[in-house]
Every structure is written in structure tokens, then in C-alpha cells.
Amino acid sequence: MPRVQGFKAIVIGISTGGVETLKALLGALPKDFPLPLIIVQHISPGSGRGMADLLDEVCDIHVKEADEQELPVGGTVYLAPADYHLMVEQDGKLGLSTDPPVNYARPSVDVLFETAAEAFGKGLVGVVLTGAGCDGSRGLKRIKAMGGIAVVQNPEDAAASSMPNNAIMAVTPDYIVASADLPRLFIKLSKSE
Amino acid sequence: MTTTDEIEEIELGLLLDGIAKVYGYDFREYAEASLKRRMIQWLSTSGFDSFGQALPHILRNPVIFEGLLRGITVNVSAMFRDPFVFKTIREQVTPYLKTYPFVKIWHAGCASGESAYSMAILLEEEGLKGRFRIYATDIDREVLSKAQQGIFPLKEMRQFTHNYQKSGGRSSFSDYYTARYDHAMLMPSLKEEIVFASHNLAGDGEFGEMQMVLCRNVLIYFKEHLKDRALNLFHSCLADGGFLCLGTKETLDGRSIAPYYQEIAPHTRIYRKRYA
């Protein structure tokens, strides 16, 4: 069991099969879930804001597209906008960039994770869910190195297993769970002090 | 005990102080997360082990500094990025621009020129040929000379063509370039409408009066103070009734100049300056 440490935020990386997984996960979280959730979901450049609107519609918790210089607050899910990297600044505010793709992706999970690790240190939960490729592995390693904890979806439970598999090879996760168990785990972690 | 990470942070700070003093480029007003990523990226290819080791070389050798400057500031874009924005410019901005005998447009932070050339094509198609000039500026002189060439990788053309069509292009995009090996050269006549010039939003002053200012996905790299400096600069050179076009994730909300502007269509971040 990781020591109890008063988490400040949850960051999530997700790709192939993401929409359905996110619908179920975010849909099961209460409106007053105390931590901000910051998410990079790989989407094509022309996607627009449809994804955030769609999830906001079906979830109790508030889902929005991340704005730059926005201070993430509890009870809110921040999705990376299409064709931008999403980052966390040292002061905890969100930042965006149009820097070149990382791991062929913009937004990239590694970019979010690495910057969030710097900002939140041991107060961070990093979560790698279903997806193809290796985006998120390096970032998860950084999160662990800075004292945060790593959660990975059980590859057998994932629509696409290579992102979780690569994450498990990169770090020793604190939790490997099926997506159905994620809401309960998030609620438990959010209550640790 | 100071950790290696903390020491890196301290060295980075010293380096930025030194660069500001020696070269006059102040990156302390840039958003930290992306600046730091870019600097670490530069460091990994520089041959130096740390910012501390690189510091005296950067401060004493302008050639090394130029390389770092490029690493920090270079931006890549696409022609007609966010096609709906260019569609809105085509449909809702050009009718006003046409009422002027001659239109001046400032494109700040033009990087390798994708967006400036897009505007030139759009304005020509809307009947403004010969009646406009685009002043395309960037902090980096080398990227400007690249922009001036108007040559892009051929593999980008598919995306550019797609964007052009979605932006309401009236012609065939292939009319605007010649393919050579793996590169595409834009029609030289487009360049005649564009003046490329060096300008630093963190230090330099304004141009003459403009009917339109475009500055897209540049302010996201700036901290608050520098954002306001740039916006005030744009405000002071925009004519009443002129247009300010920001990136789709940039906004005037909460900015001091906001009361003087109105967004012309939701989510486009194309603002029109009110008549005084």
C-alpha cells in the first residue's frame, strides 16, 4: 500500500477506445469529486470541442475543454483541446502549446504527465488507460520519480493493450485495475489525507 | 540538501537572466512549462551536460545562442490551420476590408509563414489582389528567411489542401504551388504581397496603422505581463473597426483591452475593435 499522501490532482492518458471508457469512468464519479482530473485523450486535429460537450452531457461531474492559464479545481474534468499539448505550469495552472507532436501525438500524454509531475510532485496520481502505442510511459516514470503514484488499466481489460503494457514495463504500478474498478479507486485515493 | 532538479532550475534561471542582459531577449516572461521543455530539448542535442556548463558558452558565443534561440522560439504551423477561422475571415472580415482602398495586415509571430501565405491566397481570391500588404514578423531572423522562400515539404500539401478546401477556398489548391522532388514551392507572386521583418513582441514597438492583426498561438507561450504587452501593442496600431485574430484557445476575456472589442463569431477568436 502506498502511504497516504493527500493527492492534489489526477492525470489520465487514454487513446484507442477512450470515449467509451471515459464515459463509464467519469459517469460514475460524483459531482463533488474533490480532485481535478486532467486528461489527454488522443483525438484528431479537427475534432473541435465535441468530446468535452458530449461527456459533460452524460456525466454528473463537470467536463470541459482545458483553457490556458486556468487553475484546475476539484469536481471538474479538463480535456486537452485537439491539436494542442496540455501542460501544468509550476504554479499549478494549465498551459497549452502547439509544439511538435510527441510520440506522434498532439496532445501527448507524456507532455502532460511530465509537466504535472514537476508541478504536483507526490500529490499526483498518474493513470494510463486503454490505447495503442507507448505514449504515457515516460511520463508515468517521471510521476513515480517525483513521488506520485501510478495506476494502469489491466491490459486484458483494455480495448487496446499496448499503452497499458508499455506503462507496466516502464514502472511498477501502484495499482493495476480493470476500468470498472477505477471510480471506486479514485474515490478512495481522493479521500486519503 | 539541494536536489539535482532544483539545481537545474537554478541554472536555468541564471541562464535566462544572462541571456536577457547579454542579448536583450527576455524569456523570463515566457510560460515556464513549454519554455523548459524546449530548453531541455535543446540541451539534449547541444553536447553540453547541463545548463550550468552551457551558460558561459551561450553568453560568450552568439552562434551558440542563435541555435538556442531557434530551439526556444521556432513554431510550426499549417496552412489554413483551423479552417473554420479562415472561413469566417473570408465571409465576415473581407467584406469590411474591401471598403478600404488599401489594406494593411500585421501577422505577428509568423514563423515559417504558413499562415501569412494562407491569408495572401484568401485575400487574392476575395478580390483584393494588389490592394493589400501583409507585414509578417517573427523574433527569429533565420525562420523569416525560410518563410521568405515559401517552400514547404510536399508531404504537408495533403493536409494544407484539405484545410484550404474546408476554409471555403474558391480554386484548386494545387494552382498555388509547384512540386519539385519532395518539396512544394508556393507561387512567387504571393510573396510580392508579403513583407517579412524581424520583430520581438517582448521588446520592440508598434508598426503603423493596421486594418487587421493576426497573432495565433503565440500568446499561449507568454506569461500574463507579456501577453498584455503584446495585446496593448496590437490595440495601439489597430484602426477603429479593425480585426484582431488570436488562436482558437486564446481569448481577450479578462484582458484590459477587452472592453474595446467584440468577437465576431463564437469560438473564432476573431475580434473587431469598436469605433471610438
Side-chain angles (χ1 to χ4, degrees), chain A residues 11 38 40 44-50 52-53 64-72 78-103 106-108 110-122 138-139 142-143 145-147, chain B residues 3-6 8-9 12-13 30-41 71-78 80-85 109 111 114-115 159 162-163 165-167 216-228 246-251 253-255 266-269:
Chain A
V11 289
I38 311 167
V40 161
S44 65
S47 311
R49 295 173 321 282
D53 293 347
K64 72 182 292 291
E65 198 178 85
D67 286 310
E68 55 134 13
Q69 292 298 318
E70 183 171 24
L71 189 67
Y78 302 86
L79 283 183
D83 221 9
Y84 287 87
H85 288 302
L86 174 61
M87 295 165 294
V88 181
E89 296 287 345
Q90 206 56 48
D91 60 6
K93 287 183 181 164
L94 301 178
L96 300 172
S97 91
T98 51
D99 280 5
V102 173
N103 307 318
R106 186 171 67 197
S108 145
D110 276 341
V111 173
L112 171 65
F113 281 15
E114 287 174 356
T115 55
E118 302 271 329
F120 293 119
K122 66 183 177 64
R138 212 176 57 207
R142 186 77 184 143
I143 290 174
M146 298 298 283
Chain B
T3 67
T4 350
D5 282 336
E6 284 163 350
E8 182 175 70
E9 202 67 36
L12 198 58
Y30 275 52
E32 281 154 13
S34 47
L35 177 68
K36 195 172 165 189
R37 284 193 71 83
R38 286 174 167 215
M39 295 208 45
I40 288 171
Q41 173 71 31
I72 295 178
T73 62
V74 77
N75 272 311
V76 282
S77 188
F80 298 95
R81 181 186 160 119
D82 306 315
F84 76 99
V85 171
E114 290 87 344
S115 197
Q159 179 69 40
H162 176 75
N163 287 351
Q165 286 163 347
K166 281 181 76 181
S167 77
R216 306 188 67 216
N217 298 315
V218 175
L219 300 184
I220 49 174
Y221 289 95
F222 293 172
K223 284 186 189 166
E224 298 303 287
H225 175 73
L226 187 50
K227 275 195 177 84
D228 278 329
L246 304 177
T248 52
K249 293 302 293 179
E250 295 164 329
T251 172
D253 293 352
R255 299 277 147 207
H267 309 301
T268 58
R269 305 301 194 231

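To find a chain, count down the sequence lines: A is the first, B the second, and so on, and within it residues start at 1. Only a predicted model underlies this, so the values are computations on that prediction, with no experimental measurement involved.
- Here CE of M146(A) is found 7.5 Å from OG1 of T3(B). Values are rounded to the nearest 0.5 Å.
- For the atom pair R216(B) CZ and T98(A) OG1, the distance stands at 10.0 Å (nearest 0.5 Å).
- With a threshold of 4.5 angstrom between heavy atoms, D5(B) approaches chain A through side-chain atoms but not through N, CA, C or O.
- Chain B forms more heavy-atom pairs under 4.5 Å with one residue of T115(A), V88(A), D83(A) than with any other, namely D83(A).
- E118(A) CD to E9(B) CD: the interatomic distance, rounded to the nearest 0.5 Å, is 7.0 Å.
- Looking at D99(A) and Q41(B), their side chains never come closer than 4.5 Å, going by heavy atoms from C-beta outward.
- Contact annotation for Q159(B): neither backbone nor side-chain heavy atoms come within less than 4.5 Å of a heavy atom of chain A.
- Looking at every heavy atom in both residues, A31(B) comes nearest to E89(A) through CB-OE2, 3.4 Å.
- Of the atoms belonging to K227(B), it is side-chain heavy atoms, and not backbone ones, that fall under 4.5 Å from chain A.
- Annotation for L96(A) and K249(B): closest pair CD1-CB, 3.5 Å, computed over non-hydrogen atoms.
- When atom types are taken as modelled, the side chain of E68(A) and the backbone of E250(B) share no donor-acceptor pair closer than 3.5 angstrom.
- Using a 4.5 Å cut-off between heavy atoms, K36(B) touches chain A through its side chain atoms alone.
- With a threshold of 4.5 angstrom between heavy atoms, H162(B) does not approach chain A through any atom at all.
- Across every non-hydrogen atom of R37(B) and V102(A), the tightest pair is NH2-CG2, 4.5 Å.
- Neither the backbone nor the side chain of S77(B) comes within contact range of chain A; no heavy atoms are under 4.5 Å apart.
- Rounded to the nearest 0.5 Å, atoms CD1 (I40(B)) and CD (E114(A)) are 8.5 Å apart.
- What you find for S97(A) and Y221(B) is that their closest heavy atoms are CB-OH, 3.4 Å.
- Contacts of A66(A) with chain B are made by backbone atoms alone, with heavy-atom separations under 4.5 Å and no side-chain atom involved.
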